[in-house]
Amino acid sequence: MTTSAATGTGLRFAIIGAGMAGILAAIKLEEAGLTNFAVYEKADRVGGTWRENTYPGLTCDVPSHMYCYSFALNPEWSHMYPPGEEIQEYFESVAQRYGVTPHIRFGDEVVRCQFSSGRWQLATAAGHRDEADVVIAATGVLHHPKYPDIEGLESFGAAMFHSARWDHDVALDGRRVGIIGTGSTAVQIVAAIAERVSTLVLFQRTPQWIVPAVNPTFTAEEKAAFREDHELIEQLRAKASHLFDAFSDAVVDSGSPTMKMIEEACRSNLENNVHDPALRERLRPDYRAGCKRLVVSGDFYQAIQRPNAELITQAIEHIEPRGVHTADGRLHELDVLVLATGFKVDAFVRPMSVVGRDGKDLEQEWAQRPEAYLSISVPGYPNFFMVNGPNGPVGNFSLVEVAELQVGYIMQLVDRIRSGDCREISATPSALAEFERARVETAEKTVWATGCRSWYLDDRGIPAVWPWPFERFRVQMASPAWEAYELRKA
Ligand SMILES: Cc1cc2nc3c(=O)[nH]c(=O)nc-3n(C[C@H](O)[C@H](O)[C@H](O)COP(=O)(O)OP(=O)(O)OC[C@H]3O[C@@H](n4cnc5c(N)ncnc54)[C@H](O)[C@@H]3O)c2cc1C
């Protein structure tokens, strides 16, 4: 569909992505009376991360009552840390309940956004065309699977898949299963399947610090009470939020007492729960806790100590049809190989092509590394706003809260266009340069920069994240600093 340029409530919006952030943006537009929008989703269902990741053991590692929209609290969560499928159901039901689903064009991947004569021209892989005044890109952070660069990977003769592309037709029971990777995903998979498989081989390049956690269920009485009185949920959220704020203060101050407490909790978890001293040392990281994204698990150490489980710390040399060869000359024969090797975290809106004012090409702009003012706006790309864009607060936080704050901020930018103050808004080059200068300077003092290899680090080894306390993010999202923006009338 093509519409002509419009102002006020006639503004046309395109939201790209129907994951947690895209659903949220749609609800907020609708709430503001801005109903002329389409949500483009390349898959056939909403949910993003929670649609794509279906591996055994998938669990949110943020408390359930924090991992939901503030305006759609959920008294029905089964656990303190809910399973992935429950989160998927939650987002599907919210999208239905808030009337987002009819706006979604499923199976329609946006391949190009070009700013031309004051509007964004969108093209999809299916050949559809749209023209929008504002684009909200909610295309995800942990979205494009990263495959390991191992010689012979493709030659593996049995079942092999990435953890985000789990093949549920492949049987696990009684089979020899190998897992490459030791991040949160691998840890959850190991704990979930160790009992079922005949042998479980975990290929570890880097050991992880693990924060111990229990995952209690909510009783029927608790759920009834939540249904009755949402204030009880608000109290749980406030308590959890307080803890997460303390955590966010700690990670950005690597010498803080809270950081030391977290490190101590991880150390005693390892020392008290891994009995064989040799295994314990192989599981002990040589970097500080929190430097990599903290893994939360109450059952990984038990699982890896099972007689049918083996931790391999020898480097992988190559893969052949029968299995994995390690540097000590061993061949680990396997029936199933799981690649829990994470995501391309610097892709953001790419591979979609985004061409801004005067033919500026985002791919070229970001050739070195992606940057955006407050992770939302790129100079020269007017009215193109990202949710969960580059260098934002990712880590052990609820990305739902992050997205709510960002969408609230974007709505304030939109208000300036809606009110007729301007037609085009984008951050100024100097605002982005100053933001990046301060961000990099501060990032170097955080725990993420204390000497480890992690997906937080950019090509320079600088943490590509929000390096200040979370409270500062809340304050900055509350109202835009207008001097950071160029507002054009036409
Ligand atoms: C295994 C795993 C566990 C996680 N656990 C947590 C956790 O415990 N707590 C937490 O806060 N976060 C967690 N996250 C992060 C999680 O990604 C976010 O919390 C959240 O789901 C991000 O939502 P999103 O909408 O920004 O992105 P996504 O969920 O990635 O959704 C993006 C959507 O955009 C669509 N899309 C992308 N490009 C296009 C295009 N060009 N055209 C059309 N559609 C497009 C995709 O198909 C997808 O549906 C986890 C991530 C993973 C992978």
Side-chain angles (χ1 to χ4, degrees), residues 14-26 38-64 66-69 80-84 87-88 90-92 95 104-113 122-126 128 130 135-146 162-166 181 183-189 213 240 244 293-297 340-345 347-354 375 386-389 392-404 406-407 455:
I15 297 172
I16 309 177
M20 172 276 287
I23 296 169
L24 169 67
V39 183
Y40 288 87
E41 172 52 62
K42 64 183 174 181
D44 59 359
R45 285 167 72 197
V46 304
T49 287
W50 308 100
R51 175 195 69 233
E52 285 171 356
N53 289 268
T54 58
Y55 60 77
L58 171 61
T59 313
C60 191
D61 58 18
V62 168
S64 46
M66 277 195 85
Y67 198 79
C68 59
Y69 303 122
M80 164 93 94
Y81 300 103
I87 301 175
Q88 173 65 15
Y90 169 78
F91 287 124
E92 285 191 347
I104 305 176
R105 295 183 57 93
F106 288 108
D108 217 0
E109 176 176 5
V110 179
V111 289
R112 186 173 170 84
C113 290
L122 279 78
T124 74
H128 178 75
D130 199 348
V135 173
I136 300 179
T139 51
V141 193
L142 305 178
H143 176 58
H144 299 284
K146 186 168 149 201
H162 190 276
S163 54
R165 300 283 181 273
W166 196 274
S184 300
T185 290
V187 161
Q188 292 182 348
I189 296 170
F244 275 89
R293 187 178 190 274
L294 279 172
V295 174
V296 181
S297 175
T341 44
F343 299 87
K344 293 180 199 152
V345 292
F348 295 99
V349 300
R350 296 174 288 184
M352 181 172 76
S353 151
V354 183
S375 99
M386 286 174 283
V387 190
N388 288 325
V394 291
N396 295 88
F397 310 114
S398 166
L399 279 193
V400 182
E401 184 180 1
V402 170
E404 281 200 45
Q406 289 174 329
V407 170
W455 61 260

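When a ligand or atom number is given, it counts from 1 through the structure's own listing order.
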Among protein heavy atoms, which lies nearest [atom], and at what distance?
atom                    : answer
atom 27 (O) of ligand 1 : Gly140 CA, 3.1 Å
atom 22 (C) of ligand 1 : Met20 CE, 3.9 Å
atom 2 (C) of ligand 1  : Thr49 CG2, 4.1 Å
atom 9 (N) of ligand 1  : Val62 CG2, 3.4 Å
atom 43 (C) of ligand 1 : Lys42 N, 3.3 Å
atom 42 (N) of ligand 1 : Val110 N, 3.0 Å
atom 49 (O) of ligand 1 : Glu41 OE1, 2.6 Å

Side-chain donor-acceptor contact under 3.5 Å, Ser375 with Gln406: yes

Going by atom types only, do Tyr55 and Gln188 share a side-chain donor-acceptor pair under 3.5 Å? yes

If you take all heavy atoms of [X] and [Y], which pair is closest and at what distance?
X      : Y      : result
Glu92  : Val46  : CG-CG2, 3.5 Å
Ala38  : Asp130 : CB-OD2, 4.2 Å
Ser184 : Leu294 : OG-O, 4.1 Å

Is there a donor-acceptor pair closer than 3.5 Å between any side-chain N or O of [X] and the backbone N or O of [Y]?
X      : Y      : result
Arg165 : His162 : no
Thr185 : Gly183 : no
Glu41  : Gly17  : no

Any N or O of [X] closer than 3.5 Å to N or O of ligand 1:
X      : value
Phe343 : no
Glu109 : no
Tyr67  : yes
Leu399 : yes
Ala21  : yes
Thr185 : no
Trp50  : yes
Asn388 : yes

Measure Cys60 to ligand 1 on non-hydrogen atoms and call it side chain, backbone, both or neither using the 4.0 Å cut-off. both

Region of Phe91 that comes within reach of ligand 1 [heavy atoms, distance under 4.0 Å]: neither

Does ligand 1 have any atom sitting under 4.0 Å from a heavy atom of [X]?
X      : result
Asp108 : yes
Asn53  : yes
Tyr81  : no

I'd like to check Ile189 versus Trp166 (side-chain heavy atoms, cut-off strictly below 4.5 Å). Are they in contact? yes

With a 4.5 Å limit on heavy-atom distance, are the side chains of Thr124 and Val111 in contact? no

For the residue pair Tyr67 and Phe91, categorise the inter-ring angle as parallel (less than 30°), tilted (30 to 60°) or perpendicular (more than 60°). perpendicular

Heavy atom to atom 38 (N) of ligand 1, shortest distance: which of Thr139, Val111, Thr59 holds it? Thr139

